[in-house]
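Basis for what follows: all heavy atoms, side chains included, without hydrogens, waters or symmetry-related copies.
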Amino acid sequence: MPELIRLNIPFIVILLAGAGAFGISYFFYRKTNPQISEFARWILLILRALVIWLLVLLFFTPTIRLTLLREKLQKIAVFIDNSKSMTVKENGNTRWDQVVKIVKTIQNELPQNAISWFSFNAQVEPLTSLDSLRTSEGPTNFQAVINKIGKEKFDRVIIISDGIITEGRLPMLEQRTSSKIFTIPVGKMQSPVDLFISDVQAPNTIYQNEMTEVKVVVGAQNLQKNISLKLKIKDKNKLLGQQTIKLVKGGGEFSVTFKYRLANQGLHHLTAELQALEEESNVENNQFHFVQEVLKARKLVALFSAYPNFDVKFLKLAIKKFPRFNALTFVENNRGQFLIKDDLNKLDSTDVWLFVDFPGLKTSSQVLQRLRTSWEKNHQNVFLMLGPRFNATKLQQISTKFLRITRTGNRMAKELMPVVNTLPQAAAFVKIFDDQVVNQQFWSLAPPLQTYYLNLPAANDNLMLVQSSVKGRMVPLLFLSEKQLKTIVLNGMGFWRWHFLLQPNERLDQGYTILVEKLLSWLGQRTPFKPVALFVDKKSANIGQPVKIEVRVLDTRLQTVENSSVIINIKKGQQSFSLPIQKEKAGLFKTQFTPVRAGDFKLLAQAFQNGQLWGVDSTQIMVIPVNKELIHLNPDTLFLKKLAEFNQGEMIPLDSLYHLTDIFRGQKQYFHQEKEIEIWYKVGLLILILILITLEWSLRKKWNLI
């Protein structure tokens, strides 16, 4: 039964409508011809009054709100921290020993049929049996726990942890969950002497033989005197740098800067190592492992323009944001001389040419000859941006293999509004953001582009990315070709307008540079087309940290291949094993690899189409020992307390576990539920009105009033 019934129409309106309906009915039935009994007259009067009253109330769209008391079983979840820090020893026992005792207490105090058990480190895993509960080598990610709680909407949650967070962001305490969270802290406060390296601030990607700068953050606790120690950085067993540092009495943290060069390409496992003291209780945190990938060299882009313009300016700004690219700039004046000029002698070492409305009518034959000589030797890939000063004839003087482009007879620029081509082959370039909604929003804000060239060729082997409609005719704005060489043509000028248009939205503003990076990266790849593409979300990982793996099987037009299958093998030393892989859709496969030991792992993906080998691709992952879990050993009880109190719960000390029974007593939970019933368009109300009208008509006929 409902505890409360409410109507959206004010009671005074209902009374006034009823009084009005009664008055109108009384006016019609104050006298009848022929005369009928008083009882019959009142029946007809009431029937008509009800019809009028209901019809008047329909104009107010009546809705009934019911408040009901419901009953359900509580959903209780227990999350157990089994990360590396749980193996820390305290007074002869580990923190995990405490966890085991807490779990047994919960088993004895609470009804087991109402509890869902989970373990967590870098990710959350359900526990089908508590006998399988073990410590892991993984880091601690509390955000994964909060995400799981929000998704499952548990009524009450118990989190058993030391509160040390070593992966993911700190959960936002201003985002309250609908669940009541209770935390149980594990571990004791440490106070002995301890030296540690808390962080190494280093770029993930560096370049061969380029000077690299890293900062090592070192610290100390409870030192009894000032000391001097050695701090080293090693590439495996090779010493890259060494410094003597001074630590003051008491303790604190500060950073030390190292500079070095790495000559060999590939992944490098580096270690920052701080000299240990005899009285230290924890020497695990005297080392910090990190990985850097060494690339061959930066790609060199030559940027040419027939005159100074905004597109040159903003392309230079965009390229500066890409650490993998350096740019040379050559901008002409009205006489064909370079106003902005880098060293033309470096032209042979360039990987990509970016022609912004270039070559122009004034471009000299000497420059064209220099470009032709360099291209015949190196076959640089080209990005063309067509504008009013572009001269197609002079472009052909550099190479006849460039696309033949002819200008329309109309010298006036046309405004073209881009339309994104969402075909699968365009996805690699059109997918600027992973979020599909944000991606569509970005392309919807693409500004109109000015063009003087409406009749670019569109051969079958071209890959159309963006196109536009002019007077019902589809015109390519941006397309790629790989027939003679890698070429990108932007049929129009004005990409710089994107920058101003997107500036207010910081996230969307990145889309402009992301698109440029995708295009230049494609042009900068001199390797032949790969029919199999193997992707990993990280090149280095800690033990127990999952690595997401994706494999795409493509044809020469970047379309996914039907009837394809994939095998992924992982090799470390002489050992190898295969990973189970899931097919998401045609040509797209995903899996996950969670390493259980450190070392170098080589991943090999083999793709098959109708049983025949289609292609292979490989990559390398470097797994380093977990260290962040053992840097600061003191449990973060303040975080656990705030997390619980902010979510309507409390932190329960170990000596108060008996209190669990009082908190979680009873499996039933009562809650109020509101339900709205919109009766104004219900069929039953219409039937009632028709019945009343029909009944009145029948009675009038029976009493000869009709």
Counting only heavy atoms not in E562, do more than 12 fall under 6.0 Å of its CD?
no
Backbone of R134 reached by a side-chain donor or acceptor of N82 within 3.5 Å:
yes
Measuring from I621:CD1 to D600:CG, what's the distance to the nearest 0.5 Å?
10.5 Å
Would E213 and K215 pass as an ion pair if we require N to O under 4.0 Å?
no
Using atom types as modelled and distance alone, determine if a side-chain donor or acceptor of N204 lies under 3.5 Å from a backbone N or O of Q292.
no
H269 and H289 aromatic ring geometry - parallel, tilted or perpendicular at 30°/60° bounds:
tilted
Straight-line distance of S136 OG to E125 CD, nearest 0.5 Å:
10.0 Å
E629 versus I164, closest heavy-atom pair with distance
OE2-O, 4.5 Å
Between Q380 and S374: side-chain donor-acceptor atoms closer than 3.5 Å:
yes
Is it the case that the side chain of W443 and the backbone of I432 share a donor-acceptor pair, with hydrogens and angles ignored and the cut-off at 3.5 Å?
no
Heavy atoms of L127 and S132 approach each other most closely as CD2-OG, 4.1 Å
When the aromatic ring centroids of F196 and F288 are compared, is their separation below 6.0 Å?
no
Residue pair S521 / R324, side-chain donor-acceptor N/O under 3.5 Å
yes
Parallel, tilted or perpendicular: which one describes the rings of F355 and W353, with boundaries at 30° and 60°?
parallel
Going from CG on L195 to CG on L231, what distance comes out if it is rounded to the nearest 0.5 angstrom?
11.0 Å
Nearest heavy-atom contact between V256 and F254 is CG2-CE1, 3.7 Å
Heavy atoms of other groups near K538 NZ, more than 12 under 6.0 Å:
yes
Sidechain-backbone polar pair: N121 side chain, S83 backbone, donor-acceptor under 3.5 Å:
no
Between the side chains of Q582 and T591, is a donor N or O closer than 3.5 angstrom to an acceptor N or O?
no
Identified side-chain contact (heavy atoms from CB on, under 4.5 Å) counterpart of L633 within the set K89, E90, R95
R95
Evaluate side-chain contact (heavy atoms from CB on, under 4.5 Å) for M622 paired with K539, printing each intermediate quantity in order.
CA-CA 6 Å; M622 186 167 283; K539 287 290 188 75; over 6 Å; no
Are the side chain of K590 and the backbone of K583 linked by a donor-acceptor contact shorter than 3.5 Å?
no
State the CD1-CD1 distance between I549 and I568, to the nearest 0.5 angstrom.
5.0 Å
Distance-only, no hydrogens or angles: does the T271 side chain make a donor-acceptor pair with backbone N or O of E273 under 3.5 Å?
no
Minimum heavy-atom separation for L579 and F593, please, with both atom names.
CD1-CB, 3.9 Å
Do E280 and N286 have side-chain N/O donor and acceptor atoms under 3.5 Å apart?
yes
Can you confirm whether K259 is buried at NZ, in the sense that more than 12 heavy atoms of other residues, nucleotides or ligands lie under 6.0 Å from that atom?
no
Please name the residue in the list Q545, Q143, K628, Q123 that meets the side-chain hydrogen bond (donor to acceptor under 3.5 Å, both in side chains) test with E167.
Q545
Looking only at heavy atoms, the pair that brings W375 and S399 closest together is CZ3-OG, 3.2 Å
Centre-to-centre under 6.0 Å for Y512 and F314, is that the case here?
no
Check whether the side chains of D81 and S161 place a donor and an acceptor atom closer than 3.5 Å, and report yes or no.
yes
Is Q98 reaching over with its side chain to a backbone N or O of G187, donor-acceptor style, under 3.5 angstrom?
yes
When you check the side-chain N and O atoms of N569 and S576, is any donor under 3.5 Å from an acceptor?
no
If we ignore angles and hydrogens, is there a donor and acceptor under 3.5 Å between the side chains of S85 and D162?
yes
Inter-residue atom distance I206.CD1 - M211.CE, 0.5 Å rounding
11.0 Å
For the atom pair CG (L295) and CD (E210), what is the distance rounded to the nearest 0.5 Å?
10.0 Å
Just checking, any donor-acceptor pair under 3.5 angstrom between side chains of Q190 and D194?
no
Start with the C-alpha gap between E550 and K548, add the side-chain angles, then the distance that decides, and say whether salt bridge (Lys or Arg N to Asp or Glu O under 4.0 Å) holds.
CA-CA 7 Å; E550 182 177 298; K548 295 179 180 179; over 6 Å; no
Between L315 and L354, which heavy-atom pair has the shortest distance, and what is it?
CD1-CD2, 3.8 Å
Under 3.5 Å, is there a donor-acceptor pair between the side chain of N285 and the main chain of L630?
yes
